[in-house]
Amino acid sequence: MRHLYYILAILLAFSLAACGSKDSDNGSSGGYSGKTSAAKVDDSNSEDIGAGVHIAAKKSVESEINGSNIAFSSGGQSPLPAILQPLHTNVESILNVRSATRNTSGSMDWSDFCDSGSASYTYNYSDDYKTGTMSFTYNNCTYSYSYAGNNSSITYNGSYFYEFRPGYWYWDYDLTVTSSFNGETDQYSMRGTFECTGDDDSLWSYTDCTYSETYSEGGVTYRVSNLTFTSTGNSYSFTARVYHSEYGYVEVVATNLVYCVGGGFESGTITISDSDSAEVLSITYSGCDDPAVIAYQGTTYLVDQ
């Protein structure tokens, strides 16, 4: 993740902070099929839940900042993670000329979007083109770009579904994404959904969004929802609901997290509340090379970053 060091100072033009968040407890949403009730933290699970929140925090910040060096612009603020912004921009360009096809349904090869590999999509629009669905498939589709003198690329594999109607937008993606920046390469498995409402008269105006993204690590599945970011320079704060597939969800408040060049956090704190609405766990960071310190009722656990 070394290349993220060069990205942190750039404020996302399409930060999730632009979208208010509402809750969704559908267990299957975003690929998550674990426990969806509130977790009760105790001696037996405090270390596991704390470690899970640490993992979710890293993944969430990585999704938020990775790719934000790409100088994209759009008619509105995309709520999608930065690394998926090229896909959103591509969909936007297609929809802006959708009536020019004079067809309301069909399929298209869309490999021109890729510098290598292939992409295609099927579409189904209403007669007035104001509502519809689009299903994209990517096969080693590489999108290349240049930033600050660095030749970089993002490669997509998988699927991306989009639905729209006046005042409503829905994304569902299941992708393997490989990012290459300044000679460093990282790969992400991304499974998530976004559901937004907004101004009926504007195709790209989002006012209220439900976000859910799912990660798996060490045989455990984690889901992050209700995620709202704020950032100042290279410091990130957020609130979120984090699900652990075995124990359920906890509420998380992260404050002033400074991301490290190699992953993890240089400084900052996270507080965790459980089903009793009590702040029962905390995570403290005090150096990129130091472990995260999880504290529960006087007991501390160290988790490698």
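Note that the numbering runs from 1 along the sequence shown for the chain.
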So [Y] and [X], do their side chains get closer than 4.5 Å, heavy atoms only?
X	Y	value
Ser37	Lys35	yes
Trp171	His88	yes
Thr269	Asn256	no
Val252	Arg241	no
Val41	Ser46	yes
Thr131	Pro166	yes
Tyr215	Val224	yes
Leu227	Phe238	yes

- [ ] Measure up the Phe265 and Tyr259 rings against each other and bin them: parallel (under 30°), tilted (30 to 60°), perpendicular (over 60°).
- [x] perpendicular
- [ ] Classify the ring geometry between Tyr121 and Tyr123 as parallel (under 30°), tilted (30 to 60°) or perpendicular (over 60°).
- [x] tilted
Between [X] and [Y], what is the shortest heavy-atom contact and its length?
X	Y	answer
Val242	Ala56	CG1-CB, 3.8 Å
Tyr247	Ile49	CD1-CG1, 3.8 Å
Asp43	Tyr301	O-OH, 4.3 Å
Ser126	Thr104	O-CG2, 3.7 Å
Glu47	Ile294	O-CD1, 4.1 Å
Pro86	Phe113	O-CE1, 3.8 Å

Straight-line distance of [X] [atom1] to [Y] [atom2], nearest 0.5 Å:
X	Y	atom1	atom2	answer
Tyr170	Glu163	OH	CD	8.5 Å
Arg165	Thr133	CZ	OG1	12.0 Å
Ile272	His54	CD1	NE2	11.0 Å
Leu95	Lys130	CG	NZ	14.5 Å
Asp174	Thr193	CG	OG1	11.5 Å
Asn157	Asn139	CG	CG	6.0 Å

Check: [X]/[Y] side-chain N/O donor and acceptor closer than 3.5 Å:
X	Y	value
Glu213	Tyr222	no
Ser111	Ser118	no
Ser153	Ser144	no
Glu195	Tyr168	yes

Ignoring hydrogens and geometry, is there a side-chain-to-backbone donor-acceptor pair from [X] to [Y] under 3.5 Å?
X	Y	result
Ser93	Asn90	yes
Asp276	Ala278	no
Ser275	Ala39	yes
Asn45	Asp42	yes

TODO: Take Trp169 and Phe164 through the test ring pair (Phe, Tyr, Trp, His ring centres under 6.0 Å) and record every step on the way to the result.
DONE: CA-CA 5 Å; Trp169 303 265; Phe164 67 95; 9.2 Å; no
Open item on the list: side chain to side chain contact (heavy atoms under 4.5 Å, CB included) for Gln305 and Tyr285? Distances and angles first, verdict last.
Closed with: CA-CA 9 Å; Gln305 296 205 64; Tyr285 302 95; 3.6 Å; yes
Would you say [X] and [Y] are hydrophobically clustered, going by side-chain heavy atoms of ILVMFWY under 4.5 Å?
X	Y	value
Val253	Val258	no
Val53	Val220	no
Val293	Ile270	no
Met190	Ile55	no

Open item on the list: Is there a ring pair (Phe, Tyr, Trp, His ring centres under 6.0 Å) between Tyr249 and His244? Walk through the geometry before answering.
Closed with: CA-CA 6 Å; Tyr249 72 81; His244 186 292; over 10 Å; no
Open item on the list: Applying the side-chain hydrogen bond (donor to acceptor under 3.5 Å, both in side chains) criterion to Thr155, which one of Asn140, Asp115, Thr142 satisfies it?
Closed with: Thr142
TODO: Decide yes or no on side chain to side chain contact (heavy atoms under 4.5 Å, CB included) for Phe136 and Leu87, but give the supporting numbers first.
DONE: CA-CA 9 Å; Phe136 289 80; Leu87 306 186; over 6 Å; no
Open item on the list: Around atom CG of Asp289, are there more than 12 heavy atoms from other residues, nucleotides or ligands closer than 6.0 Å?
Closed with: no
Task: CG (Asp112) with more than 12 external heavy atoms under 6.0 Å - done: no
Open item on the list: Between Val250 and Leu281, is the side chain to side chain contact (heavy atoms under 4.5 Å, CB included) condition met? List the steps.
Closed with: CA-CA 10 Å; Val250 290; Leu281 276 171; over 6 Å; no
TODO: Check the pair Thr178, Thr185 against side chain to side chain contact (heavy atoms under 4.5 Å, CB included), reporting the backbone distance first and the verdict last.
DONE: CA-CA 7 Å; Thr178 303; Thr185 300; 3.5 Å; yes
Task: Check: Tyr156 ring centre within less than 6.0 Å of Tyr143 ring centre - done: no
TODO: Kindly indicate, with the supporting measurements, whether the criterion side chain to side chain donor-acceptor pair (under 3.5 Å) is fulfilled by Ser107 and Thr122.
DONE: CA-CA 4 Å; Ser107 60; Thr122 60; over 6 Å; no
